[in-house]
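Values below: every heavy atom of this structure, side chains too, minus hydrogens, waters and symmetry copies. Nothing here was measured: the structure is a model prediction, and the numbers come from that model. Quick note on labels: first sequence line is chain A, next is B, and so on, each numbered from 1.
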Amino acid sequence: MLNIKRIQKDPAEIIKLLKTKNFDAGEIIKQIINCDKKRREILQDTEKKKSELNKLSKEIGNLFREKRIDEANLAKEKTGKLKEDIKKLDKKVVETEKKLNNLLIQVPNIPHESVPFGNSEEDNEKIRSGGEFPELPGNVLPHWELTVKYDIIDFELGNKITGAGFPVYKGKGAKFQRALINFFLDEGLKAGYLEIQPPIVVNEDSGYGTGQLPDKDGQMYYIQTDNLYLIPTAEVPVTNIYRDVILDVDELPVKNIAYTPCFRREAGSYGKDVRGLNRLHQFDKVEIVQIQHPGKSYETLEEMTVHIEGLIQKLELPYRIMRLCGGDISFTSALTYDFEVFAAAQKKWLEVSSVSNFESFQANRLKLRFKEKGSKKTYIAHTLNGSALALPRIFAALIENNQTPEGIVIPKILRPYTGFDIIG
RNA sequence: GGAGAAAUGGCAGAGUGGUCGAAUGCGGCGGUCUUGAAAACCGUUGUCCGUUUACUCGGACCGGGGGUUCGAAUCCCUCUUUCUCCGCCA
């Protein structure tokens, strides 16, 4: 959510900047400014009346103490209309605030100046790439066949016990999965992140805090009896730790890392693009989250990018880093880099990480602030997060790219974690 | 799941209808003293919103929401959470 004061300050500028996201903000910004003006008018009116009532009440109290009962009762009569007015006005204030908030949450975050124009992923900009494309024999198998061949993931069994998109990892497949999680967490700890194990179900407030609600509630699994949601990403519980929090400036940056399962309904869209591990309803992910001083958040974004790139390099996967264009970047992000690895059997680039700077967009809604040294003033912090990394597509690319006639070769860096160097 | 108790500022804890945004202690910050530190002493110390060029002024907040009252931290309703006891349980 953008800050109302920023909108008031230069609405034309905001409308201009949002064009990069292919968002025509003209009408809604106008509505917001009007609504806010109305809100302040009503608020002032209300507070003036409240002030009067407070004054009267004090006088009545004094009169009673001095036993001037008649005068007190006379004064009492004067309060009736005031109270009525205040009640009505209060209601109007709440309504107007709700309306304003409703408008505000419809405006996307302002993109960073480096975000390229564009409509779709075609227009994303390649920042850099690395790794070697593997040289595979002609008869290579895609991962959904490899998993059957070596009996490491059972999609059918997942269908039986839950449904499509809930695979069962078995044997070396399960161990491999666990190795990846531990590797990602350990690398994060080395980079100074604090490990968090958050709940994987969250309440409504948290859903609103990170913006999954009210719009995207259909994308989350919902537990009706308890009014709770299964998390789509660790970003939700971890970021919500800092909801309504005022940090000290020297606590920044806050660096958290969390492994969680993630749940996404993502109804529809079946077919070749989403086969096997390419898209799941339940998957594992290690997420990194940072809270940073506004002046340093872009440095931090670069730092996180380098961290994620390092993970992929250590796994010896061919990769490319894309800067998302205005049409592809998310509603909440100011700047996002996507990391894609090449799965050599599918011959496809798979997105394995997305790292974003949300600037103050998330923090504003969360009321996540920090306090400068020696100052009473609080400022909205900047938040960033990224996957480091999402498991299934890494799993897919690794087994596809490392298949040999003898079996699937485990990358060197993972061998201490798996305890075996080949799946055969 | 059943019975009971509670929720107040960074923490501890007083406050049971008016002068309470809230005593007191601890902590934090500033100062006096000291070569320095400690101790002692003095001062200061929440958040949000509106208003003002600014000094200011006004409003709201004592777990959340609602109510009674001229007036609520205090009374009533409701929800949530915590604690104690019992039951169940990895």
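- Atoms CG (A/Asp248) and P (B/C29) sit 11 Å apart, rounded to a whole Å.
- When the C1' atom is used for both B/G71 and B/C86, the distance is 44 Å, rounded to whole Å.
- The distance between the ring centers of A/Phe395 and A/His143 does not fall below 6.0 angstrom.
- Between the NZ atom of A/Lys367 and the P atom of B/G46 there is a distance of 21 Å, rounded to whole Å.
- Base pairing of B/U24: its partner is B/A12, meeting the Watson-Crick or G-U wobble criterion (both donor-acceptor distances under 3.5 Å).
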For nucleotides 54-70 of chain B, 5' to 3', base contacts (B), sugar-phosphate-only contacts (S) and non-contacts (-) with protein non-hydrogen atoms under 4.0 Å give ----BSS---------B
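- Nucleotides B/G2 and B/U8 have their P atoms positioned 26 Å apart, rounded to a whole Å.
- With both ends at atom P, the span from B/U81 to B/G15 equals 28 Å, rounded to whole Å.
- Separating the CD atom of A/Glu41 from the P atom of B/U51 is a distance of 10 Å, rounded to the nearest angstrom.
- Of the possible polar contacts, none joining the A/Glu187 side chain to the A/Phe184 backbone as a donor-acceptor pair under 3.5 Å is found.
- In terms of phosphate contacts, A/Arg369 brings a side-chain nitrogen or oxygen within less than 4.0 Å of OP1 or OP2 of B/C48.
- Only the C1' atoms considered, B/C61 is 12 Å distant from B/A22, to the nearest whole Å.
- The CD1-P distance, from A/Ile42 to B/C49, rounds to 18 Å in whole Å.
- The CG atom of A/Leu252 sits 11.0 Å away from the NE2 atom of A/His382 when rounded to the nearest 0.5 Å.
- Remark: the separation of the P atoms in B/C89 and B/G4 is 24 Å, to the nearest Å.
- Across the strands present, B/A90 finds no partner; the criterion is a Watson-Crick or G-U wobble pair with both atom distances under 3.5 angstrom.
- Remark: side-chain polar atoms of A/Ser51 are not paired, donor with acceptor, to backbone N or O of A/Glu47 under 3.5 angstrom.
- Separating the C1' atom of B/U47 from that of B/G10 is a span of 13 Å, rounded to the nearest Å.
- The existence of a salt bridge linking A/Glu59 and A/Lys78 is excluded, since no basic side-chain nitrogen approaches an acidic carboxylate oxygen closer than 4.0 Å.
- Nucleotide B/G10 holds its C1' atom 12 Å from the CD atom of A/Glu251, rounded to whole Å.
- Using a 4.0 Å cut-off between a side-chain N of Lys or Arg and a carboxylate O of Asp or Glu, A/Asp36 and A/Arg40 qualify as a salt bridge.
- Proximity of A/Arg40 to the phosphate of B/U51: a side-chain N or O atom is located under 4.0 Å from OP1 or OP2.
- Pair assignment for B/U53 gives none, since no Watson-Crick or G-U wobble pairing has each distance under 3.5 Å.
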Output a table of nitrogen or oxygen pairs between the protein and nucleotides 73-83 of chain B separated by less than 3.5 Å.
none

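- Remark: side-chain polar atoms of A/Lys49 are not paired, donor with acceptor, to backbone N or O of A/Leu82 under 3.5 angstrom.
- Searching all strands for a Watson-Crick or G-U wobble partner of B/A40 with both distances below 3.5 Å returns B/U32.
- Residue whose closest nucleotide on RNA chain B sits further toward the 5' end, between A/Asp36 and A/Asn62: A/Asn62.
- One N or O on the side chain of A/Arg393 and one on the backbone of A/Asn278 form a donor-acceptor pair closer than 3.5 Å.
- Across all strands shown, B/C75 forms a Watson-Crick or G-U wobble pair, both distances under 3.5 Å, with B/G67.
- As a whole-Å value, the separation of A/Asp244 CG from B/C49 P is 12 Å.
- Among the nucleotides B/U51, B/U47, B/U19, the one closest to any side-chain atom of A/Gln44 is B/U51.
- For B/G50, one of the phosphate oxygens OP1 or OP2 lies less than 4.0 angstrom from a side-chain nitrogen or oxygen of A/Arg39.
- Ring planes of A/Tyr193 and A/His307: tilted class, angle from 30 to 60°.
- The separation of B/U32 from B/A38, taken at their C1' atoms, amounts to 15 Å, rounded to a whole angstrom.
- B/U82 and B/A5 make up a base pair, with Watson-Crick or G-U wobble contacts both under 3.5 Å.
- Using a cut-off of 4.0 Å between Lys/Arg side-chain N and Asp/Glu carboxylate O, A/Glu52 and A/Lys55 are scored as not salt-bridged.
- Distance A/Lys37 NZ to B/U51 P: 12 Å, rounded to the nearest Å.
- Taking a pair to require two hydrogen-bonding distances under 3.5 Å in either a Watson-Crick or a G-U wobble arrangement, B/C61 pairs with B/G46.
- Annotation: B/A23 and B/U80 have their P atoms spaced 33 Å apart (nearest Å).
- Taking atom CD1 of A/Ile246 as the reference point, atom P of B/G9 lies 14 Å away to the nearest angstrom.
- The shortest distance between the side-chain N/O atoms of A/Lys371 and the OP1/OP2 oxygens of B/C29 is not below 4.0 Å.
- Both tests pass for A/Lys172 against the ring of A/Phe420: distance under 6.0 Å to the centre and angle within 45° of the axis.
- For A/Glu316, the side chain to side chain donor-acceptor pair (under 3.5 Å) criterion is met by no residue, not counting sequence neighbours.
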